[in-house]
Amino acid sequence: MNYVSTIDDSAQSDSASKEAGPMNGAQSLVQTLINGGVEICFANPGTSEMHFVGALDQNPGMRAVLGLFEGVVTGAADGYARMAGKPAATLLHLGPGLGNGLANLHNARKAASPVVNIIGDHATVHQPYDAPLTSDVVAFAQPVSHWVHCSRNARDVAADAARAIQAAKAAPGQIASLILPADTAWNEAERAYPALPVHGPAEVGALAIRQSVAALRGGRVTFLLRGDALRGRGLAAAGRIAAATGARLVCDTFAPRIERGAGRPIVERLPYRPTPAIEFLRGTETLILVGTQAPVAFFAYPGLPSELTPPGCTPLVLAQPHEDGASALEAVAEAIGATQAMVAAKLRRPEAPLGDTVLTNEAIMRIVGQFMPEETIISDESLTAGFPFYRLLDEAPPCDYLQLSGGSIGNGIPMATGAAIACPDRQVLSLQGDGSAMYTVQALWTQARERLNVVTVIYANRAYAVLREELASVGAVEGEKAFSLLELKNPSLDWVQLANGMGVEAVRVDTCRGMAAAFQAGMKATGPFLIEALV
Ligand SMILES: Cc1ncc(C[n+]2csc(CCOP(=O)(O)OP(=O)(O)O)c2C)c(N)n1
């Protein structure tokens, strides 16, 4: 739920820690963020945030990373949160700066990624004058935020920041937006705040567990998984249940993060379009939901249903998104005596074409599966190019797979950037549609500046290919003018020059041999590398 916080923090100030020496509001904020475990700030600042910038400079406990567009800042915070399991801060410039970052905050919200937004505003004394950048910042923040608050004076800032962190960390992960008028940053503050207690996931009730056990004993069950159920012990418990009962394991079409590959149970992916999705689930008698909602179509199509649960099938909630789905799955596994090993994928890299043949979308995924190292983090915004070949990585080396959970394109490159910062010892791979890449291409510059090990594969099909399909699917008129809005030609984008212009090494390939060589070179490179794959 969105709300403007009105909580009285006087009780909390009693337990606040005293920091030595005088500090301004911005300094109290930075130290409070650090106290709350927020160690990185993705930033695109302006004049109203200069004291925050100064406070970052003085405090070695927080890393500052510049994004050249706010969509990069918010998308990187999303990717960081998905991999680090804790929030980063963003620093955004008033309503318009926040506005530029909204689309990726929307994606972060759908992914249940914790994020603490710090948004500057005009000094309180300046607000009545309707200066050019005056705007209703709360109104910009509300639709994408679970928690919004505007600090009223410098001494409140630390307490407000502690509550913002607490809100962001509340299960399953929330967007908290703290708005700071410039004078709350520059005026004197008293102290930083310690971390406040965090509301972790709620325990699943015994009834939900009993009902799931009964369903497993009584008929054909499919689990629809998301959140913690797609990782670690949650996924292992789901795998044991599947081994013991034959239940199917399925995930949302665009789950925020999945641990995939050898050693993990294979989780089928719900098809994208409504008719195949309903067909895919047909025969299921009970659909057990863990950390997700009953499936719905991405879009409405004339004459097709929005709900994808097939007729005759009952959805049963084992765990809501804010509940502890991993423990609930373990409890179900124990109750049915599913103690044997889970069904896990064996390592079997896909065969890949390596000759001078024409490069295809399928060949790219095979080459990725053939050469990617263990524990690669894959940010997938490949849309039509990668989607049909997703299963080629089912038995590839173990990896984390991150997807576009909010449907707002322009997430992939920033998400890879944030993930690389969260996990500096792991290889990151962006599988990236060219149309989506252009929304937040500036993230490549951040990758170069921070020397991040990210390989970006651009599927250069020079089109909004999915929209060509959609034009037909929704039954709209097709014609030359319509097609011209869905093509990225005349002129074609030169990805090698774009990448080089931002300090990223890049090559263009159009054969399988070229792709395999470029991919291996990228995996060995230190720092970012981009492959323009002509498909
Ligand atoms: C913010 C936002 N704007 C527009 C769209 C509509 N849209 C969906 S996919 C797409 C084109 C994607 O093109 P590309 O990344 O090249 O992938 P392809 O369709 O070629 O596979 C567009 C414009 C969207 N989903 N989100």
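It should be emphasised that the depicted structure is a prediction, and the values quoted were computed from it without experimental measurement. Atoms within each ligand, like the ligands themselves, are counted from 1 in listed order.
Here R260 pairs with D394 in a salt bridge; the nearest charged N to carboxylate O distance falls below 4.0 Å. A salt bridge between E39 and R63 is absent, with no side-chain N of the basic residue lying under 4.0 Å from a carboxylate O of the acidic one. We find that R426 and D400 are joined by a salt bridge, their nearest charged nitrogen and carboxylate oxygen being less than 4.0 Å apart. Ion pairing of R269 with D252 is absent here, as no side-chain N (NZ or NE/NH1/NH2) approaches a carboxylate O to less than 4.0 Å. Between R349 and E374 there is no salt bridge, since no side-chain nitrogen of the basic residue lies less than 4.0 Å from a carboxylate oxygen of the acidic one. Salt bridge absent: E395 and R264 never bring a charged side-chain N and a carboxylate O closer than 4.0 Å.
A donor-acceptor pair under 3.5 Å is absent between the side-chain atoms of T292 and the main chain of P321, judged by distance alone. Although no hydrogens or angles enter the test, the distance criterion places a donor-acceptor pair under 3.5 Å between the side chain of Q174 and the main chain of A167.
For atom 17 (O) of ligand 1, the closest non-hydrogen atom on the protein side is L383 CD1, 3.5 Å. Nearest protein heavy-atom neighbour of atom 21 (O) of ligand 1: T384 OG1, 2.4 Å. In this structure, the protein non-hydrogen atom closest to atom 9 (S) of ligand 1 is V466 CG1, 3.2 Å.
Proximity of L488 to ligand 1, defined as any heavy-atom pair under 4.0 Å, is not found for any part of the residue. Contact annotation for A437 and ligand 1: no heavy atom of the residue comes within less than 4.0 Å of the ligand. Contacts of Y459 with ligand 1, taken as heavy-atom pairs under 4.0 Å, are absent altogether.
Considering backbone and side-chain N/O of E381, none are found under 3.5 Å from N/O of ligand 1. The shortest N/O to N/O separation between G435 and ligand 1 falls below 3.5 Å. The shortest N or O to N or O distance between S436 and ligand 1 is below 3.5 Å. For ligand 1, the polar-atom distance check finds an N/O of G407 within less than 3.5 Å of one of the ligand's N/O atoms. Here's the thing with S408: none of its N/O atoms is less than 3.5 angstrom from an N/O atom of ligand 1.
Contact analysis leaves G410 out of contact with ligand 1, as no non-hydrogen atom separation drops below 4.0 angstrom.
Of the candidates N411, I409, N107, the one placing a heavy atom closest to atom 24 (C) of ligand 1 is I409. Nearest to atom 4 (C) of ligand 1 by heavy atom, out of Y439, Y464, F387, is Y439.
The ligand atoms of ligand 1 that sit less than 4.0 angstrom from a heavy atom of L467 are 22 (C), 23 (C). Residue A465 has at least one heavy-atom neighbour below 4.0 Å for each of these atoms of ligand 1: 18 (P), 19 (O), 20 (O). Against a heavy-atom cut-off of under 4.0 Å, G433 is close to the following atoms of ligand 1: 15 (O), 16 (O).
With sequence neighbours excluded, no residue satisfies ring-ring contact (aromatic ring centres under 6.0 Å, His included) with Y459.
By the 6.0 Å and 45° rule, R248 does not stack over the aromatic ring of F223.
Counting only residues at least two apart or in different chains, ring-ring contact (aromatic ring centres under 6.0 Å, His included) contacts with residues 414-448 are absent.
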